[in-house]
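Below is one structure; the comments refer to it alone.
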Amino acid sequence: MTETALRTDASRRKFSLDMRALSPFLALIVLAIAGALINPDFLTASNILNVVTRSAFIAIIAVGATFVISGGGLDLSVGSMAALVAGVMILTLNWLGAPGVSTLALGMLVAVSLGAACGLANGLIVTFGRIEPFIVTLGTMGIFRSLVIWLAAGGTITMRNSELRELYRPVYFGDIAGVPVPIIAFVVVAAIGALILYKTSFGRHVIALGSNEDVARYSGVPIWRVRTLTYVIQGICVGIAILIYVPRLGSATPTTGLLWELQAITAVVIGGTALRGGLGRVWGTVAGAIILELVANIMVLSNFVSEFLVGAVQGAIIIIAMLVQRSLQRGR
Amino acid sequence: MTETALRTDASRRKFSLDMRALSPFLALIVLAIAGALINPDFLTASNILNVVTRSAFIAIIAVGATFVISGGGLDLSVGSMAALVAGVMILTLNWLGAPGVSTLALGMLVAVSLGAACGLANGLIVTFGRIEPFIVTLGTMGIFRSLVIWLAAGGTITMRNSELRELYRPVYFGDIAGVPVPIIAFVVVAAIGALILYKTSFGRHVIALGSNEDVARYSGVPIWRVRTLTYVIQGICVGIAILIYVPRLGSATPTTGLLWELQAITAVVIGGTALRGGLGRVWGTVAGAIILELVANIMVLSNFVSEFLVGAVQGAIIIIAMLVQRSLQRGR
Amino acid sequence: QQKSVTIGVSIPAATHGWTGGVVYHAQETAKALEKAYPGLKVVVKTSPDGASQANALDDLSAQKIDALVVLPFNSDELTNPVNEVKKRGTFITVVDRGLKDPSIQDIYVAGNNPEFGRVAGKYFVDNLKQGNVVIFRGIPTVIDEERVTNFEKALQGSGVKVIDKQYANWNRDDAFRVMQDYLSKHPKIDAVWASDDDMALGVMEAIRQAKRDDVKFVLGGAGMKDIVKRVMDGDKMTPANVSYPPAMISTAMYVTAGQFFANAPMRGTYVINAELITKDNAKNHYFPNSPF
Amino acid sequence: MSGISLDLQAGEVHAVIGENGAGKSTLMRILSGHLTPTKGSLHLDGQPISFSGPVEAEGKGIVLVHQEILLAQDLTVAQNLFLGRELRRYGFVDDRAMRERTRAVLDELGVSIDPDRVVGRLSIADRQLVQIARALLVPHKVVAFDEPTAVLTPIEAESLFQIIRRLRSQGVAVLYISHRLNEVKVVADRVTVLRDGRLITTRDIEGLEPLEMARLMVGRDMSKLYPEKPATASDQTILTVRDMSVPGYVENASFKLRRGEILGFGGLIGAGRTELFEGLVGLRPSQGAVTLDGTKVHFSDAREAMAAGVVYLSEDRKGKGLLLQQNLRVNLTLAALEKFTRGSFIDVAGEERTLDEAIKDFDIRTRRRDLLAGQLSGGNQQKLLLAKMMLIEPRIVIIDEPTRGVDIGTKEQIYRFIASLAEQGRSVIVISSEMQELIGLCHRVVVMRNGQVAGEVEQADLSEDAIVYLATGVHEERAAEIAAGHV
Ligand SMILES: Nc1ncnc2c1ncn2[C@@H]1O[C@H](COP(=O)(O)OP(=O)(O)OP(=O)(O)O)[C@@H](O)[C@H]1O
Ligand SMILES: Nc1ncnc2c1ncn2[C@@H]1O[C@H](COP(=O)(O)OP(=O)(O)OP(=O)(O)O)[C@@H](O)[C@H]1O
Ligand SMILES: O[C@@H]1[C@@H](O)[C@H](O)OC[C@H]1O
Ligand SMILES: [Mg+2]
Ligand SMILES: [Mg+2]
């Protein structure tokens with residue numbers, strides 16, 4: 001009876017689910033091919049490594065955003081939070097002074113803890129204030145950004161000790177067995193993220209919360225804790241992203257991290273996570289972050305597009321990439 | 001039988017609903033009182049008129065956003081769209097040359113039509129491409145912004161004819177019976193918006209769509225048309241906002257309308273419209289837009305806060321305003 | 001007898017290094033002036049874009065200011081709003097970016113953006129003679145447009161060729177990214193016009209990483225203290241800079257205060273020209289205590 | 001489903017019965033244009049017809065009252081009734097006219113729901129009534145009801161039957177789907193039985209008794225629906241609730257629960273039973289003294305209650321019971337995930353094993369193990385929910401409307417399961433609006449009315465009259481009349 005109908009239906013779903021998971025990677029490949037056609041320099045190892053390395057910050061932050069979004073939330077404050085964490089970390093390093101691994105370690109601890117604390121603030125206001133996360137994190141976005149500007153007194157916060165800088169540099173510029181450290185970092189973060197989201201009960205609870213809050217509550221999921229923790233994880237990810245951001249240029253400015261929130265959310269959505277919650281794709285998110293960086297790279301490498309129109313082409317590519325993904329998913 | 005239970009329940013509901021509708025206006029009043037305490041100049045007629053006049057752009061755009069959001073969508077492109085519309089309108093006026101009412105009228109027509117066209121583009125991509133509106137309008141945000149940059153060749157687009165400028169000036173600076181034209185404009189737009197949203201079947205369909213798309217479809221609501229139209233209305237509102245924006249500054253730049261989308265969405269949410277769709281409050285939105293402008297005004301009028309921290313205080317005020325609203329709604 | 005005077009200062013918000021410097025100097029100067037002249041009140045307000053600045057001007061005049069010092073976000077946009085303030089009899093000092101109608105201002109402390117581009121261009125012609133140059137643009141604004149057009153004009157007829165230009169938003173990270181891509185794309189880049197010191201820092205980091213020795217130098221701009229220090233120290237990569245001191249806001253505030261508290265009325269234009277900073281004169285441009 | 005033929009005559013009530021997942025709703029969706037069949041044809045008044053969607057079908061006079069509530073939560077009753085077909089005046093919606101028509105239609109149904117209430121605030125029963133009203137609003141030749149009475153009170157159901165009879169007398173063809181076979185016997189003229197997507201038979205109601213219907217549906221004899229009541233009810237009180245209040249819903253409710261007892265909670269829909277127990281397990285704010293095993297307890301969320309061995313299974317399976325967008329495994333273990341974590345990680349293999357067992361133990365019928373919970377039929381969803389909550393190994397199980405929308409075969413399985421819980425020494429609270437269920441299953445029944453405990457009926461005194469009297473406060477004879485018209 002419905003047997004046939006049911007079977008085709010289910011297998012179709014199966015297929016389309018797989019497509020949904022695969023399609024960001026396909027989009028990545030298509031873009032890479034397009035890049036290679038536009039400029040042969042695109043495929044040089046150094047260019048590819050540059051691009052992937054650069055995507056590390058957004059990728060790591062977006063892994064955190066995958067938790068928040070698949071749990072049904074949203075965090076617009078990550079860009080400002082990144083700037084604040086970077087600023088405070090540098091100030092701490094400057095204040096500690098002595099170049100040495102222990103100074104660095106302490107600075108890093110401060111960065112990650114501050115990230116976690118900022119995330120906790122977001123999480124607590126969202127859960128206990130019961131305000132739309134959009135508004136809460138828009139508010140904290142303004143707060144964090146202002147605090148950086150204030151700390152920098154309008155200028156730039158720079159690592160003063162050049163010895164310490166040299167010591168720290170390899171965390172961005174170094175490599176292990178030829179693989180740049182930031183790439184290793186984001187792979188590790190994504191792997192841990194995937195592990196937490198897919199293999200722990202906390203991760204299961206996040207998805208349950210994003211699917212249907214009532215069901216989660218009636219099933220005894222500690223929804224307040226879970227929701228707050230997603231924001232804390234987001235904050236920790238921001239902290240980790242900053243650990244590899246600071247050694248790059250050694251400074252934080254009032255523009256550090258500007259619009260990173262939009263990039264992170266875009267990476268998450270391109271990666272196949274649903275904005276309405278209940279579905280998270282950590283690896284897709286990483287692919288999404290690389291796609292964004294790739295599009296920007298192709299824009300600079302190509303010679304067709306006036307610098308005025310780069311944004312337009314970038315916008316169009318992202319829309320087209322999503323259109324293609326969708327049609328792949330529906331196609332068969 | 002169930003009579004009593006039903007009756008107690010109904011009265012509860014009534015009250016909390018009213019609170020939700022009223023609370024943005026209460027927040028407005030509380031802020032106004034705070035402003036008056038902080039600086040006596042705040043309550044001068046000229047200051048109040050200034051503030052309300054200025055809120056016109058965001059208010060008008062946010063009325064459009066109320067449609068999009070209560071229909072379950074989102075439009076991040078309005079700021080860039082505003083810049084594009086302003087740029088093209090000014091170029092048209094410059095190109096037409098002859099100062100005169102008909103030139104102005106033609107320019108205005110171009111502005112509103114272009115707004116509608118941009119909205120239509122957003123709407124069609126969202127409905128037919130079935131892509132998350134977040135991504136679509138993030139893409140078109142880039143596209144519109146780039147087009148302005150391109151049209152302005154990286155600089156500014158300015159109304160060249162000073163006679164025409166003088167002719168056009170009263171549309172922002174003039175008043176009718178003491179009420180500044182922009183205030184009249186946004187009241188009219190809000191009134192028409194409220195009429196459409198609450199009193200036409202289209203408006204009803206918007207709410208149904210935002211509430212539950214499946215139900216809307218089963219009930220024979222032409223969901224594609226309705227959804228697309230919400231974006232078109234948003235575009236028209238952007239066009240109208242620009243009609244009163246251009247006479248004020250007489251030019252459009254690549255930074256015109258930057259972050260207006262966030263302001264518009266914030267106004268909508270503060271006004272009581274739910275971001276998940278299914279509930280729209282046109283007048284609340286207008287109150288929300290005025291609240292935002294008021295907070296900025298109080299920041300300028302107060303002298304306690306270091307310039308670097310203005311953003312922090314603004315962010316905090318918005319969160320607190322929402323917290324107060326929520327507790328009012330839950331309170332009794 | 002004690003005069004009571006209020007000066008309003010309206011400047012762009014601290015969105016990047018240079019504007020950050022402007023805000024810093026404005027606030028410091030405000031404090032110094034209030035101390036120096038009892039009875040003087042200085043109100044500093046920042047705005048993130050042209051329209052908000054117009055709003056801030058409204059709000060400032062609602063507080064009945066006697067003088068306005070304004071660094072307009074944008075000449076075209078702010079001409080009218082400043083004129084509205086003027087109409088109430090307020091004394092007007094314009095800084096950096098001139099208004100469309102110069103008759104509005106009482107004092108103009110001019111930064112000169114076309115000159116900024118020209119000086120930089122001339123440096124490339126004189127020192128590079130020929131070769132390939134890449135350009136970093138700032139945020140799409142009139143300032144940026146004026147600088148880049150005049151830079152390119154200055155190169156005309158020389159052997160120096162612009163092979164690429166992209167926006168990097170006066171932002172270090174964006175400049176780093178764009179420079180990496182330039183280096184992938186162009187096998188030979190002789191010199192870089194970063195047009196801003198924040199961007200120059202990002203650019204140099206990318207060059208260092210790529211270990212490319214074809215790039216002979218990077219020219220930034222605006223006289224950030226770290227960069228000026230390098231010029232002073234004879235750093236090969238940063239042999240020069242073009243000044244564009246954010247402290248020009250202080251100058252403007254001082255002369256405006258002088259209008260009320262010194263005996264001679266102040267009028268006219270004070271040009272703070274874009275100057276080439278080299279090893280020889282770097283000392284005069286080095287302010288280690290400035291945040292910028 | 002395949003090869004089903006069905007003829008509907010003007011002026012008849014044609015019932016369609018079958019197990020959960022037999023294809024009843026699917027058939028109905030095809031008739032009303034929501035689904036297009038791969039094969040076959042449709043004739044109306046002798047003319048072959050086809051429609052591209054429900055709107056067109058409605059235009060031709062075929063309307064459907066869905067099994068799921070398809071209403072926009074944020075719109076009012078009147079707005080929902082007229083959604084997609086608003087009445088207009090001068091181009092604007094004519095709210096007053098719609099409100100009045102709404103009131104009229106609701107009056108006809110014998111219910112007094114405020115047309116201006118937001119649907120999201122209505123009880124499920126009221127929503128169902130609104131949905132029925134919406135269907136009756138347009139001119140119709142064929143009206144199809146998919147389990148309309150599952151959430152209605154006896155009185156409301158009776159007024160629905162009256163409407164159905166009236167439709168029949170007006171020459172409308174009524175298609176009626178229900179799991180309540182007594183009801184089918186009362187309203188239907190002919191009965192079609194489906195099993196596994198195939199047509200079993202179509203018969204006149206004459207001479208077709210509920211027992212026979214059940215046999216046709218399930219394929220085996222169903223004469224013994226209720227199991228023996230286990231003789232395990234001890235004197236030992238495990239739970240005492242004193243003066244429990246849930247603001248707005250329940251006032252000073254008190255009762256005791258014994259070990260191994262099946263305690264029923266009766267009353268009309270809306271009496272506050274759900275809220276009482278939601279309050280008890282910490283899902284709503286509540287006050288009152290709760291003693292569990294001699295110690296005072298207060299649960300502030302479901303987790304605490306579960307930790308103490310008290311679980312509550314919501315009547316709202318789709319909204320509060322299961323994650324419809326997630327697969328069976330995820331749903332099954334959600335409430336008891338700690339049991340499946342080895343170290344810090346979930347033991348998926350263990351989950352899979354448990355799913356296998358649950359499918360076997362609870363007879364969850366699904367052709368694929370990787371279906372989403374939302375794709376199961378109603379009865380199987382209920383079994384999945386039971387399986388999910390049993391993983392907690394509770395001492396006290398509170399089941400709200402355990403057999404709502406469940407077929408008779410599954411009902412029997414669920415009853416047997418509930419009895420076996422008691423046999424294991426657990427205590428069970430069954431909240432049900434079906435009096436027969438309470439009578440057939442429970443040792444004792446507490447009846448609520450208007451948020452208060454109206455009284456208690458011991459096993460020996462269990463009868464519909466007794467329950468209805470306590471539930472309605474209406475005099476016995478009248479109550480008996482009402483009861484006679486129903487179930
Ligand atoms: N969206 C869907 N995807 C896959 N299978 C489905 C879907 N909807 C229904 N089915 C399957 O189709 C079959 C028939 O379902 P239908 O809803 O018609 O059953 P029913 O007879 O109405 O059952 P119930 O009495 O529980 O309402 C069931 O096996 C069900 O699992
Ligand atoms: N979400 C809701 N919001 C507000 N009121 C509600 C809501 N759901 C139900 N009610 C009202 O609360 C009362 C109880 O609702 P419900 O139908 O759930 O009754 P109940 O007590 O659970 O019934 P039963 O006794 O059959 O379990 C009714 O008067 C109903 O109108
Ligand atoms: O804002 C500009 C700044 O970024 C640039 O470096 O110098 C001039 C300023 O006007
Ligand atoms: Mg069904
Ligand atoms: Mg109930």
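Chain A is the first sequence line, chain B the second, and so forth, proteins listed ahead of strands; every chain is numbered from 1.
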Check: Who wins among C:Gln63, C:Glu145, C:Lys64 for the most heavy-atom pairs under 4.5 Å with chain B?
Finding: C:Gln63
Item checked: Close contacts, residues 144-151 of chain B versus chain C, judged by heavy atoms under 4.5 Å -> B:Ile149
Next item on the list: Go through the atoms of C:Asp59 and report whether side chain, backbone, both or neither lie under 4.5 Å from a heavy atom of chain B.
Entry: both
Check: Between C:Leu60, C:Val44, C:Asp49, which has the largest tally of heavy atom pairs under 4.5 Å with chain B?
Finding: C:Val44
Check: Checking heavy atoms, do the side chain of B:Met159, its backbone, both or neither come under 4.5 Å from chain C?
Finding: neither
Show me the side-chain donor-acceptor pairs of residues 66-78 of chain C shorter than 3.5 Å, one per line, residues at least two apart or across chains.
unit_1	atom_1	unit_2	atom_2	d
C:Asp66	OD2	C:Thr6	N	2.7
C:Asn74	OD1	C:Asp76	N	3.1
C:Asn74	ND2	B:Thr156	OG1	3.3
C:Ser75	OG	C:Gly98	O	2.9
C:Asp76	OD1	B:Thr158	OG1	3.0
C:Asp76	OD1	C:Lys100	NZ	2.9
C:Asp76	OD2	B:Thr158	OG1	3.2
C:Glu77	OE2	B:Tyr245	OH	3.4

Check: Should C:Asp58 and B:Arg54 be marked as a side-chain contact (heavy atoms from CB on, under 4.5 Å) after you check the CA-CA gap, both sets of side-chain angles, and the distance that decides it?
Finding: CA-CA 10 Å; C:Asp58 281 351; B:Arg54 268 154 26 188; 3.5 Å; yes
Check: Given that the side chain runs from C-beta out, which part of B:Asn50 has a heavy atom under 4.5 Å from chain C: side chain, backbone, both or neither?
Finding: side chain
Next item on the list: For C:Lys35, look at atom NZ and say whether over 12 heavy atoms of other residues, nucleotides or ligands are found less than 6.0 Å away.
Entry: no
Next item on the list: Spell out, as yes or no, whether a donor-acceptor pair under 3.5 Å connects the side chain of C:Lys45 to the backbone of B:Leu301.
Entry: no
Margin query: My understanding is that only residues two or more places apart in sequence, or in another chain, count here; which of them pass ring pair (Phe, Tyr, Trp, His ring centres under 6.0 Å) with B:Phe42?
Written below: none
Next item on the list: State, to 0.1 Å, how close C:Ala51 and B:Leu249 come at their nearest heavy-atom pair, and which atoms those are.
Entry: CA-CD1, 3.8 Å
Next item on the list: Please collect all side chain to side chain donor-acceptor pair (under 3.5 Å) contacts where either partner lies in residues 161-170 of chain B, sequence neighbours excluded, each pair once.
Entry: B:Arg169-C:Glu84
Next item on the list: List the atom of B:Asn47, the atom of C:Ala62, and the distance in Å for their closest heavy-atom pair.
Entry: OD1-CB, 4.0 Å
Next item on the list: For chain C, find which of B:Leu259, B:Asn297, B:Ile157 contributes the most heavy-atom pairs closer than 4.5 angstrom.
Entry: B:Asn297
